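To start, the structure under review is shown below, and the notes come after it.
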Amino acid sequence: PIMEELIAFHDHALMIIFLISSLVLYIISLMLTTKLTHTSTMNAQEIEMIWTILPAMILIMIALPSLRILYMTDEFNKPYLTLKAIGHQWYWSYEYSDYEDLAFDSYIMPTYFLEPGEFRLLEVDNRTTLPMEADIRMLISSQDVLHSWAVPSLGVKTDAIPGRLNQAMVASMRPGLY
């Protein structure tokens, strides 16, 4: 749901940028092709009010949806499951915190073990299994150096920092391999 909101916001902002660019291009082409006969309009107080208020309204039209999405990413309801991801130098360790002694390490598959159709540097020996249509709290940390835990298709990217526990919410609405 967060990624779908981010895509809708991207389309919204892109449409505003497209309209502004089209208007500026149209005004520039008019200024290059026609003679200015009404120079008094450039000194009018009304036009100054318009070009002051219009950009402020456009910024508000971009800022409000952006802030809503920003607060949605930090919103944590009662999670169905808690998964802790710990970054190590060459692998990730996962712990299902709600269950006792359920932890495993996930290493990248070497290139010579890959099957046709698998992606190099994305396939692992132990995949994390998560339920569908459930809020999952991710607790992300690191053992040694800075890492980045990301699932772009779910709209999640969180830094794993040694000595710090970062939190993110994940929910997949469709079955799949992420």
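Nothing here was measured: the structure is a model prediction, and the numbers come from that model.
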Subject >> Heavy-atom side-chain contact between Y96 and L81 under 4.5 Å >> reply: yes
Original post:
What's the verdict on side-chain contact (heavy atoms from CB on, under 4.5 Å) for K84 and L165, showing C-alpha distance, side-chain angles and the deciding distance?
Top reply: CA-CA 9 Å; K84 186 175 181 183; L165 194 63; 4.1 Å; yes
**OP:** Carefully, step by step, assess D135 and K78 under the rule side-chain contact (heavy atoms from CB on, under 4.5 Å).
**Re:** CA-CA 8 Å; D135 290 332; K78 187 172 179 347; over 6 Å; no
Subject >> Donor on one side chain, acceptor on other, K157 and S148, under 3.5 Å >> reply: yes
**OP:** Assess whether side-chain contact (heavy atoms from CB on, under 4.5 Å) is satisfied between I62 and I16, documenting all intermediate values.
**Re:** CA-CA 8 Å; I62 293 173; I16 291 173; 3.7 Å; yes
Subject >> Side chains of N166 and L139 in contact at under 4.5 Å (non-hydrogen atoms) >> reply: no
Original post:
Which distance, rounded to the nearest 0.5 Å, do you find between the CE of M3 and the OG of S172?
Top reply: 14.5 Å
Original post:
Is the shortest heavy-atom distance from the side chain of M138 to the side chain of L83 under 4.5 Å?
Top reply: yes
Subject >> Gap between atom CG of L19 and atom CG of L14 - 0.5 Å precision >> reply: 10.0 Å
Subject >> Side-chain donor/acceptor of S93 to backbone N/O of D105, under 3.5 Å >> reply: no
Original post:
What are the two closest heavy atoms between S142 and H147, and how far apart are they?
Top reply: OG-CD2, 3.1 Å
**OP:** Answer yes or no: is there a donor N or O on one side and an acceptor on the other, between the side chain of S29 and the main chain of Y26, under 3.5 Å?
**Re:** yes
Original post:
Below 4.5 Å, heavy atoms only, C-beta onward: do V124 and Y91 meet side chain to side chain?
Top reply: no
